[in-house]
There are 2 protein chains.
Amino acid sequence: MAETGASGGETLLFLTDEQLRKGIEAMFFAYRGFTADPDRILEKHNYGRAHHRAIHFINREPGLTVTTLISVLGVTKQSLNRVLRTLIEDGLVESRVGNRDKRERNLYLTEAGAELEHELSKAQRGRMRAAYRAAGPQAVAGFRQVLEAMMDPDLHRHYQMLKDEA
Amino acid sequence: MAETGASGGETLLFLTDEQLRKGIEAMFFAYRGFTADPDRILEKHNYGRAHHRAIHFINREPGLTVTTLISVLGVTKQSLNRVLRTLIEDGLVESRVGNRDKRERNLYLTEAGAELEHELSKAQRGRMRAAYRAAGPQAVAGFRQVLEAMMDPDLHRHYQMLKDEA
DNA sequence: TTGGAAAGTCAACAAGACTGCCCTAAAAGG
DNA sequence: CCTTTTAGGGCAGTCTTGTTGACTTTCCAA
């Protein structure tokens, strides 16, 4: 029934400026909800979102290098370094000198780090699960399609790499 | 690990932890793309995202009060005030004393403000349009459903109010 | 072997969020 | 009428997280 093709005499109502504007606002408000729960947890531990992001991706790909993490997060190495230093000092992250290349540092979560990761992840997944459940599987598929199409190409590359793990 | 909600025979594959994790990462990467184009424009004008958000909602609802804008943006008045002051000084926003209630300030974009708004909006809509077009109308509907379900209730209220305008 | 590039660290600064406190003007309620 | 509340603003100070610039260590290639 649903004609997805944008061919010929299609009106493409979903591409009106008004529709696009609503999409923009939906992203803005949804992202606030998306970060609200982890933010509350992080505050208790005296950390910020930057710490959460680092912890997330170190957990996702244990042993990744600082340079890789920088390119995934899209920040400067100086910016990441401050965050990483506090996490290492607090014993949540371990930084091991690389094997082949001693300039590199491979990053791992300690047991305490994994514990915080789990707490944060559980809260965020809870919100996500509720939204997914409310919207249903079809909506979720669409949600993911639009988000993927919105990414910058190099970010999409990072996203794909993580996707292929399981 | 966490309960996958697989009651009875239902598999609900889209609610697995792995699926939820991918959704979380998709939000992260997509939001970066979402803000990238406006960020570049704002930098030229020596403004930040906070200015963009203020301009967006003043354009959306001309004459709205400072208090309303504060609650929509979810920031403190001190935080908003700094941003608003520079926009007023630079002649992008006009602040008029309220009619019924002279304590209130009604905010409007000047011509210059509307011009910048248009430039920012055009860039962001362009990205949105490309994503929508690539994903198709069905996906867009799902996208919006999931985002709405992800909002905090009071943010969703603000979103709905803006939605009903046209 | 030497010189450049790459990985990472340290120092200083800026934007933008926050709190707390003080202030004015206007509205609202006893 | 007088007190309290509300809308808005100013100023000081803090925190997170981004930025550049300058530096060391390590690797690699001319």
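Here is the naming used below: chain letters follow the sequence lines, and residue numbers restart at 1 for every chain.
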Atom [atom1] of [X] and atom [atom2] of [N]: how far apart are they, to the nearest Å?
X	N	atom1	atom2	result
B:Leu80	D:dG9	CG	P	8 Å
A:Arg96	C:dG8	CZ	P	15 Å
A:Glu43	C:dC18	CD	P	11 Å
A:Leu87	C:dT9	CG	P	13 Å
B:His45	C:dA15	NE2	C1'	18 Å
A:Glu104	C:dT9	CD	C1'	16 Å
A:Arg105	C:dA6	CZ	C1'	12 Å
A:Glu89	C:dT9	CD	C1'	12 Å

Can the ring centres of A:Phe28 and B:Phe57 be said to be less than 6.0 Å apart?
yes

Does the [N] base have a donor-acceptor partner in the side chain of [X] within less than 3.5 Å?
X	N	value
A:Arg103	D:dT25	no
A:Gln78	C:dG8	no
B:Arg49	C:dG16	no

Does A:Tyr108 belong to the same Ile/Leu/Val/Met/Phe/Trp/Tyr cluster as A:Ile70, with side-chain heavy atoms less than 4.5 Å apart forming each link?
no

Evaluate whether atom CD of A:Glu89 has more than 12 neighbouring non-hydrogen atoms of other residues, nucleotides or ligands under 6.0 angstrom away.
yes

Does [N] have OP1 or OP2 under 4.0 Å away from a side-chain N or O of [X]?
X	N	answer
A:Arg85	C:dA11	no
A:Thr76	D:dT19	yes
B:His51	C:dA15	no

Check every strand shown and say whether [X] touches a base, only sugar-phosphate, or nothing at a heavy-atom separation below 4.0 Å.
X	answer
A:Gly74	nothing
B:Asn106	nothing
A:Arg82	base
A:Lys102	sugar-phosphate
A:Thr67	sugar-phosphate
A:His52	nothing

Pair B:Glu18 + A:Arg60, salt bridge at N-O below 4.0 Å
yes

Residues A:Arg157, A:Asp154: salt bridge by 4.0 Å N-O rule:
no

Minimum-distance nucleotide (side-chain atoms of [X] versus [options]):
X	options	value
A:Ala50	C:dA17, D:dG18, D:dG10	D:dG18
B:Asn81	D:dG18, D:dG9, C:dT9	D:dG9
A:Ser79	D:dG18, C:dC10, C:dA7	D:dG18
B:Lys77	D:dG9, D:dT19, C:dC10	D:dG9

Taking the inter-plane angle between the rings of B:His52 and B:His56 on a 0 to 90° scale, is it parallel (under 30°), tilted (30 to 60°) or perpendicular (over 60°)?
perpendicular

Take A:Gly48 and B:Thr65, find for each the nucleotide of DNA chain D with the closest heavy atom, and name the residue whose nucleotide sits nearer the 5' end.
B:Thr65

Closest-nucleotide 5' rank along DNA chain D - winner of B:Leu84 and A:Asn99:
B:Leu84

